[in-house]
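Remarks on the structure that follows.
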Number of protein chains: 2
Amino acid sequence: MRLSDTIEQFIKTMLTHDENEIELKRNELAEYFNCAPSQINYVLATRFTPDHGYLIQSRRGGGGYIRIFRMHQDTGEQLVYLLEERVGDHITAMKADHLITQLRERKVLSTIEAGMMKAAIDESSYTLPIHAAIKDALRAKILKAMLLQIARKSNAALGG
Amino acid sequence: MRLSDTIEQFIKTMLTHDENEIELKRNELAEYFNCAPSQINYVLATRFTPDHGYLIQSRRGGGGYIRIFRMHQDTGEQLVYLLEERVGDHITAMKADHLITQLRERKVLSTIEAGMMKAAIDESSYTLPIHAAIKDALRAKILKAMLLQIARKSNAALGG
DNA sequence: ATCGTTGACTATCTTTGACCATTATAGTAT
DNA sequence: ATACTATAATGGTCAAAGATAGTCAACGAT
């Protein structure tokens, strides 16, 4: 098992148990996992970015800390907002993947739905002679169309 | 017996014994068979494609892996038929729409899943400067990838 | 011809360590 | 007390090294 995954899980468990916000000491955590302190930064930089739905605040010096906030859960209406802010006219496979993972973790999508969406945006489906910018534009359109579909169904279910 | 056939059999045996999903290390396998690591890629590319009813996920770097997913036997056969005969390398939005409707009627897909798939293949998402043939190729790839996901996750009986 | 095999080169992901930046606190001079 | 300084206590950055997997073109085998 990768150390970074272990640390990621550890942090996510803390966030689940406690609240939407945790504070930790970089050096303590590094010592706990017996690794270089910068490993903690690596995990944060690769798995707790805004794209993943997290915010980080930190402070150096005596009494320093790292705070991790999980961004607020998106409601159905915010989903539409998401479409413009997070997807827009172009989106890379990686960013789309992060967004879908986030929606899955927040139970906006079922496992199957998330899997389907990831399949639909995965770069391996786009190995065709198309310029990268066009691919990203296409991905954005398809992703939005699918999300809109989800939003409609959700609303329909709520509305009766 | 050709090495590639031996490796193919080895992997299929693993999939039979264990589960419908295995994880392996490219370099370990290559060493076990005393061959070039890229030989493993060759086997995967020629015998474990989506058209054969398999899904591959992989990751590079430390702790990297190759995961292979296989459909249930029955599901797999029907899926291969669907992927090859009904989808193929190119599919128009209209034909794809018909296929999805059929799968929905046979309850292979839920309403939401069918809606998502239709959204993902609808022509309105493809209004970009891409040649029609490329669009149909792309649609085929995306549709296949989504169908494989459905088959993998739900073990749904795909009608034939 | 087509399929199989290899190896050189490339791409990606992880882990570490040296060096940098910031903040708090204790010590010292006035 | 106040100002200044030194030191300790943190966290941040970045580049290098390590660990995997992917690609592709050339060569070999059937």
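Every chain is numbered from 1, with letters handed out A, B, ... down the list of sequences. Quick note: numbers below take in every heavy atom, side chains included, and nothing from hydrogens, waters or symmetry partners.
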- Message: Return a single string for nucleotides 24-30 of chain D, one symbol per nucleotide in 5' to 3' order, where B is base contact, S is sugar-phosphate-only contact and - is none, cutoff 4.0 angstrom on heavy atoms.
- Response: B------
- From CG (A/Asp122) to CZ (A/Arg139), nearest 0.5 Å: 8.0 Å
- Message: Rounded to the nearest 0.5 Å, what separates atom CE in A/Met117 from atom CD in B/Gln149?
- Response: 12.5 Å
- Closest heavy-atom contact between A/Ile134 and B/Pro129? CD1-CG, 3.8 Å
- Note on the structure: Correct closest heavy-atom pair for A/Leu138 and B/Ser125 would be CD1-O, 3.3 Å
Can you tell me the distance, in whole Å, between the [atom1] atom of [X] and the [atom2] atom of [N]?
X	N	atom1	atom2	answer
B/Met1	C/dC3	CE	P	18 Å
B/Leu24	D/dT20	CG	P	13 Å
A/Ile7	C/dC13	CD1	P	18 Å

- Query: Residues in side chain to side chain donor-acceptor pair (under 3.5 Å) with B/Asp5, at least two apart?
  - Reply: B/Arg2, B/Arg47
- A/Thr101-A/Lys118 side chain donor-acceptor pair, cut-off 3.5 Å: yes
- Residue pair B/Asp51 / B/Thr49, side-chain donor-acceptor N/O under 3.5 Å: no
Which of [range] have a heavy atom under 4.0 Å from DNA chain C?
range	answer
residues 59-67 of chain B	B/Arg59, B/Arg60, B/Gly61, B/Gly62
residues 26-37 of chain B	B/Cys35, B/Ala36
residues 39-57 of chain A	A/Gln39, A/Tyr42, A/Arg47

Do [X] and [Y] have side chains that approach each other closer than 4.5 Å (heavy atoms only, starting at C-beta)?
X	Y	answer
A/Tyr126	B/Lys141	no
B/Ile130	A/Leu128	no
B/Leu99	B/Leu143	yes
B/Met146	B/Glu113	no
B/Lys144	B/Asp89	yes

- Looking at B/Lys25, does any N or O in its side chain come under 4.0 Å of the phosphate oxygens OP1/OP2 on D/dA21? no
- OP1 or OP2 of C/dT15 under 4.0 Å from side-chain N/O of A/Ser4: yes
Run the side-chain donor-acceptor check on residues 26-36 of chain B: report pairs under 3.5 Å with partners two or more places apart or on a different chain.
{"residue": "B/Arg26", "atom": "NH1", "partner": "B/Asn41", "partner atom": "OD1", "Å": "2.7"}

